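Each remark here refers to the structure printed beneath this line.
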There are 2 protein chains.
Amino acid sequence: MPSSSLTTSQRTVLQGIFPGDDYLDTPEAACIYGTDASRRFSLPWAVVRPRTVDQVRELMAWAHREEVPLFPRARGTNVVGGCVPQGGGVVVSCLAMNRTLEIQEEDFTAEVEPGLITAAFQADLQARGLYYPPDPASVRFSTLGGNVSTCAGGMRALKYGVTRDYVLGIEAVLPGGEMIHTGSRTHKNVVGLDLTRLLVGSAGTLAFFTKLTLKLLPLPPAQATLMAGFKSLADALAAAQAVFQAGIVPVAMELMPVDVLDCVAKIATPPWSDSTKAVLLLKCDGRPEGLREELRLVRLALESKSPQFIEVGRDGDAEERLWEFRRLINPASFRLGKDKISEDVTLPRSKVVEGILGIREIGRSHGLPILTFGHLGDGNIHTNIMFDAELEEQRRHADLARDEVLNLVLRLGGVLSGEHGLGLTKRSYLERQVGPVERGLFALIKRAFDPKGIMNPGKAY
Amino acid sequence: MPSSSLTTSQRTVLQGIFPGDDYLDTPEAACIYGTDASRRFSLPWAVVRPRTVDQVRELMAWAHREEVPLFPRARGTNVVGGCVPQGGGVVVSCLAMNRTLEIQEEDFTAEVEPGLITAAFQADLQARGLYYPPDPASVRFSTLGGNVSTCAGGMRALKYGVTRDYVLGIEAVLPGGEMIHTGSRTHKNVVGLDLTRLLVGSAGTLAFFTKLTLKLLPLPPAQATLMAGFKSLADALAAAQAVFQAGIVPVAMELMPVDVLDCVAKIATPPWSDSTKAVLLLKCDGRPEGLREELRLVRLALESKSPQFIEVGRDGDAEERLWEFRRLINPASFRLGKDKISEDVTLPRSKVVEGILGIREIGRSHGLPILTFGHLGDGNIHTNIMFDAELEEQRRHADLARDEVLNLVLRLGGVLSGEHGLGLTKRSYLERQVGPVERGLFALIKRAFDPKGIMNPGKAY
């Protein structure tokens, strides 16, 4: 059984592996490693920061032998408590392993360490005409290791897919210190079982990543953004469907229903009016002529559903101005309540209307504002339940509302999470979506990688 | 331990589950189920053909209890013996489970049974303006279940990815008869470990698929094919690189080096001359204007490397005429030898030249023609070692040559198989590419799904 904190001799071992500041255990120093964007907190016994694969191997051998829980961590931007060292143990930060090891331009691949910040990597690629599409909202802060651990999504997933689709291979260390190399630098590989995609999204529960081999694309040279306002939610959703029916998969297709519009209008001056009941925000990319053709077809599709306005941003600044309204949703939502329960349920696209109307009704019945918005294109609807946590009655209603939202989504053939995962805060919902036989397989696979259960215990599944 | 054939009471049980012709056990009837495109053969004890999920569950419960090996099978188009019932057991054909259960146009998803022929499914989609891109060479004969089992690739993988990228969920039955439902109908889902992609490419070793949920795209309305001839292999490869550097990922990019050209010219009248040393064949698609722009850029890129000719096919017939030369490679290669060892090694794109030249040198040193050709774009180079199996000396050299080819590919950072998998015939090569720790994980995962090892024993890993 894990001890309740580190012994003196355990501390000495860790200090030997991680000299100087790379080992921290004062409460003041370790404090910030006890939380993440979920705002849950649990003080770790210690924090270590490996710089080399050998340090990771020594750590994993030691922790396995001593049965000390390890909590892998990057920038802690996840919102479900995936990095919180609940129950106690050692936080392992990958942030000192943050190098781009190689960008193989001719192969359209790159090898990176897990602590590299995704946007920094993307900027480096852009200068070479290369492209790594995944763009979680946290892209400027979060890391490739964290993104792979959570199979991060983002706006561009509609056209380009999620993180999983860009991971060709993983080098990782198992509990016990053995290394594994999964996948390859090649774009095709069907040798053996697909351990690579099993590790993607495994939330730090199976192994500690030390190197990622990523697939790249050529950078699309041109892009543009369209915003269209409609006089009803039904019109907006019909317009979205008309875009798909025209054979177009935009890079991103976001929806902002009326309550979101009203909320954002409290803190900004938007292009929509009071009579606008829903806004679509679309991004397209490609080469100049192809993009022009696509924009023309998108406009035609949108116009077939009588929009109140269409604004087009054709350069970076004009695009950013339109996207800024999307980014303001989360800050603006706090005008409706001091606290927020945020879900990222995902529905089959044909069930999005029913889902949004149903969620709105749930909010009404509990007397709480619930904002629904987000990645309409892939059905990944972000749901903010706003309340005041200091009022017990509101807290109770918020929890009940969440419960009803999740049940509604499952009833409509959706899933509990499209991007965030279950982490710590939603783990108890797992069995609503996943049956006992599948959970049994999760447990056996977990045991195959981590027989003593030391990797990020209490998380995800 | 498995028995060496079925007992009378076992036969009675199977006949009870599978009435009439859906149970076969005379050698004459069972004979064709003993082989596949590998031409290996082993007579099964019996063949069964489930029509319902309940039959599959009964079968899997019974086989698990009795420890009878099961060999799942679709159309047997794989070339590595993946369907051969080596060691004996019951072949389970999925061909009677061949319905399209639902095409959800608005969701861009479909639910199908595993025995549905891929091209039939694609034709059905095409009529609705929808698209399922994976196109293994066997697409007109092979099934979606077989394609998912092997993670089939194909020409279009360069732009569109492989089968894995289009599988959203799987319903399957485990040994013992329990059912699992992995993934979902949604395009995003990060709940629990990714069992879906673990099942893709698992070669019938983990579970029997009963339903597949597939991701669809809008059908690209226009396409075109370009063929370009060059006076050296180096020029052709430089031209290919110029296409990528222009930011273009074609649907397909195939390479035919000089020995392949000479071979095809023996049975057809091609557009190339004796002085042509390499041919590129490219396919592009999109909307009309975007495609025109792309074709112009592709031409510019190709022309920068002084091609001897460029032919463009802009409609179905003209395209087919160009692709026919590619399809003739395999039949034509038998002009060089009665027998063939066929590999589908895959290299990082930057190593393709070195790989092709090295393989040619291996052929020379063994006095055997070795043709290399295929999916240049993703480095998946098909390699045909031609020989006469009746001559012991040639047989020995062919085996040695294969050995050297595989070692060369691994030395260059490539993998043993990009599309075919290891099946039965290449299983002994697994440990050259995959280390003992990873193989240990394969074994534990296998045991999690199939503790008694009854599913397609002796295959893949």
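Convention: sequence-line order gives letters A, B, ...; per-chain numbering from 1. Remember, it's a predicted structure, so these values are computed and weren't measured experimentally.
Using a 4.5 Å cut-off between non-hydrogen atoms, the part of residues 165-174 of chain A that approaches chain B consists of A:D165, A:L174.
Both the backbone and the side chain of B:N189 come within contact range of chain A, with heavy atoms under 4.5 Å apart. With a 4.5 angstrom heavy-atom cutoff, B:Y429 does not touch chain A via any of its atoms. For a residue to count as touching a neighbouring chain, one of its non-hydrogen atoms must lie under 4.5 Å from one of that chain's; by this rule A:V191 touches chain B with backbone and side chain alike. Both the backbone and the side chain of A:E438 come within less than 4.5 Å of a heavy atom in chain B. Interface remark: A:T196 contributes no atoms to any contact with chain B (heavy atom separation under 4.5 Å). If you measure heavy-atom distances from A:L195 to chain B, the contacts under 4.5 Å come from the side chain alone. Of the two parts of B:L130, neither the backbone nor the side chain holds a non-hydrogen atom closer than 4.5 Å to a non-hydrogen atom of chain A. If you measure heavy-atom distances from B:E178 to chain A, the contacts under 4.5 Å come from the side chain alone.
The minimum heavy-atom distance linking A:E106 with B:R349 is given by the pair O-NE, 3.3 Å. Of all the heavy atoms in B:P218 and A:G247, the pair that sits closest is CB-CA, 3.5 Å. Annotation for B:R185 and A:S350: closest pair NH2-OG, 4.2 Å, computed over non-hydrogen atoms.
Checking side-chain atoms of B:E293 against main-chain N and O of A:E289 turns up a donor-acceptor pair under 3.5 Å.
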For a side-chain contact (heavy atoms from CB on, under 4.5 Å) check, start with the C-alpha distance between A:T182 and B:L441, then their side-chain angles and the critical distance, and finish with the verdict. CA-CA 11 Å; A:T182 76; B:L441 290 173; over 6 Å; no
Step by step, work out the side-chain contact (heavy atoms from CB on, under 4.5 Å) result for A:V190 and B:V162. CA-CA 10 Å; A:V190 289; B:V162 294; over 6 Å; no
Let's go through B:I248 and A:R287 carefully: what are the C-alpha distance in whole Å and the side-chain angles of both, what is the deciding distance for side-chain contact (heavy atoms from CB on, under 4.5 Å) to 0.1 Å, and is it a yes or a no? CA-CA 10 Å; B:I248 290 158; A:R287 273 180 294 278; 3.5 Å; yes
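Residues passing the salt bridge (Lys or Arg N to Asp or Glu O under 4.0 Å) test with B:R432, sequence neighbours excluded: B:D403.
Rounded to the nearest 0.5 Å, atoms NZ (A:K351) and CD (B:Q104) are 9.5 Å apart.
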